[in-house]
Amino acid sequence: MYYVNREQIEKRLLSLPQTIEAMRLVAAQWEGTLLQGLAQERALHLALEAVTDIGSYLIDGFIMRDAGSYEDIVDIIHGENVIDDPLHGVLLRLVRLRRPLVQDYYEWDRKTLHPLTMELPAALEHFADRVNRYLLSELGESSRPH
């Protein structure tokens, strides 16, 4: 029997709408201000942390192969059919931003709207839907957190 931490997955899924909204607002109002640049940077960071956290919980809970990197997390959930091919490509591009956002943040271009800021809102909604469908198909309705 699997132990999937649905509660922690759910908390992260529930955080995505705010991140999605922030990205949509930043993209719609983009003027390249410092505040917008910092908001974009944080939204991208939150998105990639949520995706990798959820992926890690799925990998651990369903006893999938061990991930050796953030890209590996995305590859594994793709290989296990949690996410489809187009989403796999978008999420790989997202997790590849981790180093620039977290370690090389002093070099991040805060004056430019990153292409993923416009692409991710729909991708994150699709990701949440795919994760929920996967959990439902593997565990059924009774395992949902209350």
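A quick note: this is a predicted structure, and the numbers were derived from the prediction, not measured. Residue numbers run from 1 in the order of the sequence given.
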Going by the rule side chain to side chain contact (heavy atoms under 4.5 Å, CB included), which residues pair with E119 if we only count those two or more places apart in sequence or in a different chain?
V90, R93, L116
Restricting to pairs with a member in residues 75-106, which pass ring-ring contact (aromatic ring centres under 6.0 Å, His included), not counting sequence neighbours?
H78-H88
Cluster check L35, L101: I/L/V/M/F/W/Y, side chain < 4.5 angstrom:
no
Shortest non-hydrogen separation from L16 to A128 and the atoms involved
CD1-CB, 4.3 Å
Tell me if the CG atom of D104 is crowded by more than 12 foreign heavy atoms within 6.0 Å.
yes
Looking at every heavy atom in both A67 and I59, which two are closest together, and how far apart are they?
CB-CD1, 4.3 Å
Output all residues satisfying side chain to side chain donor-acceptor pair (under 3.5 Å) with D60, sequence neighbours left out; order by chain, then residue number.
none
Does I83 reach the side chain of V74, with side-chain heavy atoms less than 4.5 Å apart?
yes
List for me each residue that meets ring-ring contact (aromatic ring centres under 6.0 Å, His included) alongside H114, sequence neighbours excluded, and say none if there are none.
W108
Residues pairing under salt bridge (charged side-chain N to carboxylate O under 4.0 Å, His left out) where one sits in residues 107-116, two or more places apart or in two chains, turn out to be E41-R110
Between side-chain atoms of residues 120-127 and protein atoms elsewhere (two or more places apart, or another chain), which donor-acceptor pairs fall under 3.5 Å?
from: E125; atom 1: OE1; to: R24; atom 2: NH2; distance (Å): 3.3
from: E125; atom 1: OE2; to: R24; atom 2: NH1; distance (Å): 3.0
from: E125; atom 1: OE2; to: R24; atom 2: NH2; distance (Å): 3.4
from: H126; atom 1: NE2; to: D84; atom 2: OD2; distance (Å): 2.8

Under 3.5 Å: donor-acceptor pair, side chain of Q36, backbone of G32
yes
Inter- and intrachain pairs under ring-ring contact (aromatic ring centres under 6.0 Å, His included), touching residues 46-67, at least two apart:
Y2-F62, F62-Y134
Backbone N/O of A50 and side chain of R12: donor-acceptor pair under 3.5 Å:
no
Show your working on side-chain contact (heavy atoms from CB on, under 4.5 Å) between Q8 and I54 and close with a plain yes or no.
CA-CA 8 Å; Q8 290 302 316; I54 291 165; over 6 Å; no
Is there a path of hydrophobic side-chain contacts, each under 4.5 Å between heavy atoms of I, L, V, M, F, W or Y residues, that connects L92 with M64?
yes
Would you please name every residue forming a side chain to side chain donor-acceptor pair (under 3.5 Å) with T117, sequence neighbours left out?
Q40
Just to verify, what does Q103 make a side chain to side chain donor-acceptor pair (under 3.5 Å) with, not counting sequence neighbours?
R99
CZ of R42 to CD of E49: how many Å apart, nearest 0.5 Å?
8.0 Å
Less than 4.5 Å apart, any side-chain heavy atom of I73 and any of L58?
no
Where L94 and L44 come nearest, the two heavy atoms and their spacing
CD1-O, 3.7 Å
Can you list the residues that meet the salt bridge (Lys or Arg N to Asp or Glu O under 4.0 Å) rule with E21, with sequence neighbours excluded?
none
Is there a path of hydrophobic side-chain contacts, each under 4.5 Å between heavy atoms of I, L, V, M, F, W or Y residues, that connects L46 with V131?
no
How far does CD1 of I9 sit from CG of N132, to the nearest 0.5 angstrom?
9.0 Å
Counting neighbours of CZ on R65 that are heavy atoms of other residues, nucleotides or ligands and sit closer than 6.0 Å, is the number greater than 12?
yes
If I take atom CD1 from residue I76 and atom OG from residue S56, how far apart are they, to the nearest 0.5 angstrom?
8.5 Å
How long is the gap from CD on E10 to CG on L13, to the nearest 0.5 Å?
5.5 Å
Hydrophobic cluster of L113, others only, ordered by chain and residue number, side-chain cut-off 4.5 Å:
V26, W30, M118
Without swapping roles, check the side chain of D72 against the backbone of G68 for a donor-acceptor pair under 3.5 Å.
yes
Test side chain to side chain donor-acceptor pair (under 3.5 Å) applied to Y70 - qualifying residues, sequence neighbours left out:
R98
